[in-house]
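Taking it in order: structure first as structure tokens, then the write-up.
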Protein chains: 2
Amino acid sequence: MADFKLTRFLPFRLNRLAAEISEELSTLYADRFHIDIPQWRVLATLSAGNGWTAKAIVASTRTHKSTISRAVEALEQRGLIEAVQSSEDKREYRLGLTGSGRRLFRELEPLVLDYQKGLMDKLGETKARRLEQAIAALETALDLAGEETG
Amino acid sequence: MADFKLTRFLPFRLNRLAAEISEELSTLYADRFHIDIPQWRVLATLSAGNGWTAKAIVASTRTHKSTISRAVEALEQRGLIEAVQSSEDKREYRLGLTGSGRRLFRELEPLVLDYQKGLMDKLGETKARRLEQAIAALETALDLAGEETG
DNA sequence: ATATAATAGTTGCAACTGAAACCGTTTCTT
DNA sequence: AAGAAACGGTTTCAGTTGCAACTATTATAT
């Protein structure tokens, strides 16, 4: 009999953990702000500064372009972001938070940061640092790192 | 302007990492064995021994019961697992790998273990151990640990 | 210059998933 | 013992997602 144990298998554990954290986190904004995960990603990305294209958000977040397209559409409908067609390249749109989008994000941000802090507190400083280092190493190994372009 | 950076945010990074690893891993068995992730979880769980109920697999893998139900159905159709109604409790079914299910898993197992080993090699022994410890700590904190019952 | 290819973003479609209602069986309450 | 509640597992339904085909625009090749 093979002694394989799924619950000891790292990819599985990582996946289960990420799902749980994602789930907990999204409850922070789902009901209260009526945004879902892709929308959160768009808002959070734009919070770092305006002028992003959908393509850049796709690259940065590694989310499928159709998913980002729909999130952008929804946020635009609600007036939380604004899209202006680029004059240099009419295929693309420069995205940016509107006033109300920025206000919403300012309300959201501390909740989300508190959640992360709570998690890290549970880990303790040393383990939290080591976790971050391991993640960074895997990101590099898997070519997930530093796709930010601003 | 807020200095929040999604790509530095741990829940996001964990999620992106888990998605990438899951994706890479599932290419190992998707085309070749025509099984998907829930089906892989059922097979892998049963590889540790027969007699599991769907409920136990749900608890162990933290996968939704309707998802497990469908995976079990599909695997049974293909003759990879067998379900026998429990005599003590006719609501439940004792699940087990069939001969061909066991053969398939024996073929699959080394691929999957090699993949994990490749990942850990990229991390190095020390970081791999620390990652495991951090994950274990988070599992405990989030109540994800040790739901195995056999 | 013109045809071809590549690119940014959108959309139709099929597959997948979770919530909730459901069925049959078992357990609890009285 | 009878009715209610709980439970294991299934199914329906609605929502979400990714793929692939599409439109419009820009870049490349000849």
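Chain naming here is simple, since letters A, B, ... match the order of the sequence lines and numbering starts at 1 in each. Just so it is clear, the values below take in all heavy atoms, side chains as well, and ignore hydrogens, waters and symmetry mates.
Between the side chains of R41(A) and T63(A), at least one donor N or O sits under 3.5 Å from an acceptor N or O. Between the side chains of R102(A) and T98(A), no donor-acceptor pair of N or O atoms lies under 3.5 Å.
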Report summary line: Annotated structure of DNA chain D as dot-bracket, pair cut-off 3.5 Å, Watson-Crick or G-U only, | for inter-strand, is ||||||||||||||||||||||||||||||
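Residues that satisfy the side-chain hydrogen bond (donor to acceptor under 3.5 Å, both in side chains) test with Q77(B), not counting sequence neighbours, are E73(B). For Y115(B), there are no ring-ring contact (aromatic ring centres under 6.0 Å, His included) partners, not counting sequence neighbours. Partners of F9(B) under the ring-ring contact (aromatic ring centres under 6.0 Å, His included) rule, at least two apart in sequence or in another chain, are F4(B). Residues forming a salt bridge (Lys or Arg N to Asp or Glu O under 4.0 Å) with R91(B) (at least two apart in sequence, or on another chain): D89(B). The salt bridge (Lys or Arg N to Asp or Glu O under 4.0 Å) check on R13(B) picks up E132(A), E139(A), with sequence neighbours excluded. For D114(B), there are no side-chain hydrogen bond (donor to acceptor under 3.5 Å, both in side chains) partners at least two apart in sequence or on another chain.
Between R94(A) and E92(A) there is a salt bridge, with a side-chain nitrogen of the basic residue lying less than 4.0 Å from a carboxylate oxygen of the acidic one.
Within a 6.0 Å radius of CD in E82(B), no more than 12 heavy atoms belonging to other residues, nucleotides or ligands are found.
Among the heavy atoms of the strands, none lies under 4.0 Å from E23(A).
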Under 3.5 Å between N/O atoms: give me all the protein pairs with nucleotides 1-5 of chain D, atom names plus distance.
none

Per-pair distances, 0.1 Å, donor-acceptor, side chain in residues 25-35 of chain A, under 3.5 Å, sequence neighbours excluded:
unit_1: S26(A); atom_1: OG; unit_2: S22(A); atom_2: O; d: 3.4
unit_1: S26(A); atom_1: OG; unit_2: E23(A); atom_2: O; d: 3.1
unit_1: T27(A); atom_1: OG1; unit_2: E24(A); atom_2: O; d: 2.5
unit_1: H34(A); atom_1: NE2; unit_2: D31(A); atom_2: O; d: 3.3

**Report entry** Footprint string (nucleotides 7-17 of chain D, 5' to 3'): B base within contact, S backbone only, - free, heavy atoms under 4.0 Å
**Finding:** BSBBBB----B
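The salt bridge (charged side-chain N to carboxylate O under 4.0 Å, His left out) contacts involving residues 115-127 of chain A comprise K117(A)-D121(A), where partners must be two or more places apart or lie in separate chains.
Using a 4.0 Å cut-off on heavy atoms, none of the residues of residues 78-86 of chain A approach DNA chain D.
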